[in-house]
Amino acid sequence: MEDIIKHNLSYLFPNDTIEGVYNLKITRDAELKIGNATEENITTVLERQLETRDFGFATRFLIEPGIPLRSLYRLIYALKLGNASVVEGGGYHNLKDLNSFPLNGAEFSYPKWPSISSVLIPETDTLFNLILKGDTLVNVPYQSYNPILRFFNEAANDVFVEEIYTTLYRVANNSRIVSALMTAAKNGKKVVALVELKARFDEANNIKWAKQMKAAGVKIVYSSIDLKVHAKVALVKRVISGKEEFVGLLATGNLNESTARFYTDQILLTSHQPMLKELESLFGFLRKNKKAPGPEDLIDFKHLLVAQFNLQQKFLDLIQREIENAKAGLINGITIKLNNLEEKILISKLYEASQAGVKVQLIVRGICCLIPGQAGLSENITVTRIVDRYLEHGRIFIFENNGNKEIFMGSADWMNRNIYSRIEVCFPLYDAKLKEIIMKIVNLQLHDNAQESIYKFLKDTDTI
């Protein structure tokens, strides 16, 4: 579209000499200001805010190189962009539009990688029975997402299921998971869905589904305005002969069958009853719709790591144990895979670990505020990232623990927002075979020499 306009401007201005044509883009603040909205009117307030999102505060003015300064300043003044950051970009600014190009040739597409079956269920058996026999791990998109869909469908139709609880952060446009939840409610089961309406750019879709679920009999709980729920968990309560048993789902990524096709995530299906009892307690807190946990909300988490409760302190303790092991000459080491690393306290603890001789290996896809490889500070820390066909999205935390590895996974990046203003859930892996699978995946990525990008701190004298 830009090229068509550029090359045909002479038809619009036949009597003028065109001296230059430049593409511009204004980025606006997408944060919705929902103020004192209540649970009763939050959807109405959000819908009104969505209508005005395109008129938000301008934060960035993206320009094409070469635009004359006089023209640039005239535009800044005319468009009232004095507080926006002026950033020089390329000739095209909306590169996501390239995704819609009708390129049908094989050379323009990735070769097909069909997902493989992750869970083999005999025709005479059920997924729930399989989970009750032992933990199952699904690694998408390499493995099929079907077991996750089956988890919710079985919950909807299992005669022993009485209650279903789940968090919903980003929901697929045609979500079969939500359809299963509505079926469950129609089948007389108690279904509680905690819907995060403030999932940026998915607000409208989440509002749509929340209304449909509510109409179908699902109890909808909206998270507190001040406390975003980013956890990716689900809990099913079954009652057989008066005895309660739980099956649960804990994931690093959203319960979204669309993004599961190109986001790499890990999903644990488990019947570990003590862990799931803790998850039940967490859902009890979330239903209160509070800004923050109070003294009356304290939960004694022994398995789960939950932001606003114990997550940050538990990670600090785990790093400290590796420091003590290093000082004692015991096996030690830390390997962490994240989307973003920003939070200062945890970064400082990693520096401390490096100074104690702990080898720290980080895979960070996006923002990284830690400086690796600096003498006296971080010489024992390496940071890489994987840029490839799929979006690396899983969060994995591995602590050597003197040869008895502890592995956690979950929804939490180490950013200020995740640590201080969200509900996040990280969970342990207890099954030895599943630990081995995760170690193989992580070791493959640590040894990648084709799609890895290495973080290096550049001094003023360095060249790229």
Side-chain angles (χ1 to χ4, degrees), residues 1-6 9 20-37 41-101 168-173 195-210 222-230 254 256 258-259 263 339-340 342 365-369 391 393 413 415-418 420-422:
M1 185 70 75
E2 292 98 321
D3 290 343
I4 291 171
I5 294 171
K6 280 185 177 183
L9 280 175
V21 186
Y22 306 94
N23 281 337
L24 309 167
K25 180 182 178 182
I26 299 172
T27 303
R28 298 188 178 276
D29 182 8
E31 193 69 31
L32 300 179
K33 313 298 187 292
I34 51 181
N36 296 318
N41 71 355
I42 188 171
T43 55
T44 302
V45 173
L46 274 173
E47 285 173 325
R48 288 174 182 165
Q49 286 285 313
L50 288 171
E51 293 174 359
T52 62
R53 171 173 267 170
D54 290 343
F55 304 96
F57 178 75
T59 58
R60 184 179 68 165
F61 187 29
L62 194 60
I63 62 172
E64 184 175 344
I67 184 172
L69 284 179
R70 178 175 292 183
S71 299
L72 175 62
Y73 283 112
R74 283 182 64 189
L75 284 166
I76 291 172
Y77 178 78
L79 299 175
K80 299 179 181 178
L81 302 176
N83 293 319
S85 299
V86 179
V87 180
E88 208 175 65
Y92 304 94
H93 301 316
N94 228 43
L95 296 180
K96 66 180 181 180
D97 288 345
L98 294 172
N99 286 329
S100 60
F101 268 28
L168 295 173
Y169 190 76
R170 296 191 191 277
V171 183
N173 288 331
V195 180
E196 180 50 73
L197 292 182
K198 303 181 294 299
R200 190 173 296 183
F201 303 117
D202 277 294
E203 298 95 343
N205 190 49
N206 286 3
I207 289 171
K208 176 197 76 172
W209 278 120
Y222 300 123
S223 64
S224 166
I225 293 169
D226 302 302
L227 188 62
K228 187 175 284 190
V229 177
H230 191 248
N254 297 308
N256 185 317
S258 296
T259 56
Y263 281 30
N339 289 253
N340 299 292
E342 173 201 42
R365 191 195 79 223
I367 297 168
C368 183
C369 296
L391 181 91
H393 192 253
D413 284 315
M415 299 187 74
N416 293 329
R417 67 188 187 192
N418 302 92
Y420 300 115
S421 59
R422 291 183 174 185

S.K.: Taking Lys208 for its side chain and Asn173 for its backbone only, find out whether a donor-acceptor pair lies under 3.5 Å.
M.R.: yes
S.K.: Report yes if the side chains of Glu342 and Asn418 come closer than 4.5 Å at any heavy-atom pair, otherwise no.
M.R.: no
S.K.: Does a side-chain heavy-atom distance below 4.5 Å link Tyr22 with Leu72?
M.R.: no
S.K.: Looking only at atom types and distance, does a side-chain atom of Thr27 sit under 3.5 Å from a main-chain N or O of Thr59, one as donor and one as acceptor?
M.R.: no
S.K.: Taking all atoms of both residues into account, what is the closest heavy-atom pair of Glu64 and Val21, and its distance?
M.R.: OE1-O, 4.2 Å
S.K.: So which heavy atom on Gly66 is nearest to which on Glu88, and how close?
M.R.: N-OE2, 4.5 Å
S.K.: Return the minimal non-hydrogen interatomic distance between Leu81 and Ala58, and the atom names on each side.
M.R.: CD2-CB, 3.5 Å
S.K.: Tell me if the OH atom of Tyr420 is crowded by more than 12 foreign heavy atoms within 6.0 Å.
M.R.: yes
S.K.: Side-chain contact, heavy-atom cut-off 4.5 Å: Leu24 with Ile67?
M.R.: yes
S.K.: Provide the closest heavy-atom pair for Asn206 versus Glu196 in the form atom of the first, atom of the second, distance.
M.R.: ND2-O, 2.9 Å
S.K.: With side chains defined as the heavy atoms from C-beta onward, is the minimum distance between Thr259 and Arg170 less than 4.5 Å?
M.R.: no
S.K.: Which atom pair, heavy atoms only, marks the closest approach of Asn340 to Ile367?
M.R.: OD1-N, 2.8 Å
S.K.: Any side-chain to backbone donor/acceptor pair from His93 onto Asn23? Under 3.5 Å, distance only.
M.R.: yes
S.K.: Which heavy atom of Val171 sits nearest a heavy atom of Trp209, and at what distance?
M.R.: CG1-CD1, 3.5 Å
S.K.: Are any side-chain N or O atoms of Asn339 and backbone N or O atoms of Asp413, one a donor and one an acceptor, separated by less than 3.5 Å?
M.R.: no
S.K.: Please check if atom CG in Leu98 has more than 12 non-hydrogen atoms from other residues, nucleotides or ligands closer than 6.0 Å.
M.R.: yes
S.K.: Answer with yes or no whether the side chains of Asn256 and Tyr169 bring together a donor and an acceptor at under 3.5 Å.
M.R.: no
S.K.: Measuring from atom CG of Asp97 to atom CD of Glu2, what distance do you get when rounded to the nearest 0.5 angstrom?
M.R.: 7.5 Å
S.K.: Quick check: are there more than 12 heavy atoms from other residues, nucleotides or ligands sitting under 6.0 Å from CZ of Phe57?
M.R.: yes
S.K.: Is the shortest side-chain heavy-atom distance between Ile76 and Phe61 below 4.5 Å?
M.R.: yes
